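Quick one: this structure, given as structure tokens, is what I'll be asking you about.
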Amino acid sequence: MASHRRPKQPSRARMTIFGATAAAASVAISTQTAQAAPGQSLEEVQEEVDRLYEEAGSATDEYNGAKEREEQLQEEVEALQDATARGQQELNELRASVGSVASAQYRNGGVDPSVQLFLSSDPDAYLDQASTLDQVSGKQAETLRLIEDQQRSLDQQRDEASDRLAELEEVRTEVGDRKEEIQEKLSEAQALLNQLTAEQQAELEAQEAAEAAEAAERASRDSGRPILDGSGSSYGEAALSAAISKLGSPYVWGATGPNAFDCSGLTSWAFAQAGVSLPRTSQAQAGAGTRVSMSELAPGDLVIYYSDLHHVGIYAGNGTIIHSPNSNSTVEYLGVDVMPFQFGVRVG
């Protein structure tokens, strides 16, 4: 989630605050949300909203990572439970195949025959029984060993499933915490924006429209090379084409398309259309290819922002990116240097 402010250059601030009111309306505004201080300037409100969006962006990336881990753990737990059920059935069948005498010996822990002979009240009868036990052991010793092995395997699977279930519960708690944090930050930001006067809102809307038009014009400008010129990876250029087809789609945190996206949701969806599976979070996508500097960027490269790597877009050429910025905007073009640039990533 991006705040659209060039670091340390307030005059070039970029706020996309009125682009998608429907998405903003989905966030309930708490009665205890932030309020603009009396006499607070438009610039100060912008800075505060930027901060809240950046914090919400970090929380969104953490939410996406936790959600992905939750899904992985759920699959692992289900696989372990299925394997345990199958193993128990196999164990039951093995036990049923063992004769009653051998089963009794197994349940008694395999008491040494010489000790049983010593304790027997009828040694002659016991010797006859011992002969039968020897015959059973000779035929079914392997089955008994299989039972022991299967039981150990089942115990291990049950322990592993228990550990996974405990971890799953912790991750679900984290998912809930991050969701609550995101909603709180977005509510605070929206409450601040609701404090603006009609004149201030009109000023921001005009700025947004002008800068969006400029970025779109720069992205499509023929400055000696077309946007897709083969200088980047073929996967990246195909992903860029897919992302461009989603211009104007709303931002929804946690969304991965095809009709709404968060920042890494857009990039992962776009690259999926090119046949490439990217990690879910922007932090993980930062390691999905070869790092490049700003001067080395080519159309289709991922562009990573902020020191904690919580925002990502796709380089569109001519000094612009395409990205899904925040809950009050839509998929759009933006200047590559408006946010705190970290590095580019060339995929494939």
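Numbers for residues simply follow the sequence, beginning at 1. Predicted model only: the values in this text are computed from it and were never measured.
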Q) Quick one: does Thr60's side chain get under 4.5 Å of His310's, heavy atoms only? A) no
Q) Should Asp301 and Val345 count as side-chain neighbours, where that means a heavy-atom distance under 4.5 Å? A) no
Q) Are any of the side-chain heavy atoms of His323 and Met339 separated by less than 4.5 Å? A) yes
Q) Partners of Arg291 by salt bridge (Lys or Arg N to Asp or Glu O under 4.0 Å), sequence neighbours excluded? A) none
(Q) As an exercise, state the distance from CZ of Arg51 to CD of Glu48, rounded to the nearest 0.5 Å. (A) 4.0 Å
Q | Set of side-chain contact (heavy atoms from CB on, under 4.5 Å) partners for Glu76, sequence neighbours left out | A | Arg69, Leu73, Arg164
Q. So which heavy atom on Ala56 is nearest to which on Leu186, and how close?
A. CB-CD2, 4.1 Å
**Q.** Flag, side chain of Glu237 to backbone of Ser233, donor-acceptor distance under 3.5 Å
**A.** no
Q. Within the distance-only criterion (no hydrogens, no angle test), does the side chain of Ser282 pair as donor or acceptor with the backbone N or O of Leu309 below 3.5 angstrom?
A. yes
Q) When the ring planes of Tyr305 and His311 are compared, do they come out parallel, tilted or perpendicular, using 30° and 60° as the limits? A) tilted
Q) Asn64: what forms a side chain to side chain donor-acceptor pair (under 3.5 Å) with it, not counting sequence neighbours? A) Asp262, Arg280
Q.
Please report the interatomic distance CG(Leu168) to CD(Glu71), rounded to the nearest 0.5 Å.
A. 11.0 Å
Q) How would you list, by chain and number, every residue that makes a salt bridge (Lys or Arg N to Asp or Glu O under 4.0 Å) with Glu62, sequence neighbours excluded? A) Arg178
Q.
Applying salt bridge (Lys or Arg N to Asp or Glu O under 4.0 Å), can you list everything that pairs with Lys67, at least two apart in sequence or on another chain?
A. Glu70
Q: Say whether Leu80 and Leu91 are linked into one hydrophobic cluster, either directly or through other cluster members, by side-chain heavy-atom distances under 4.5 angstrom.
A: no
Q. Considering residues at least two apart in sequence or located in another chain, which fulfil the salt bridge (Lys or Arg N to Asp or Glu O under 4.0 Å) criterion with Asp163?
A. none
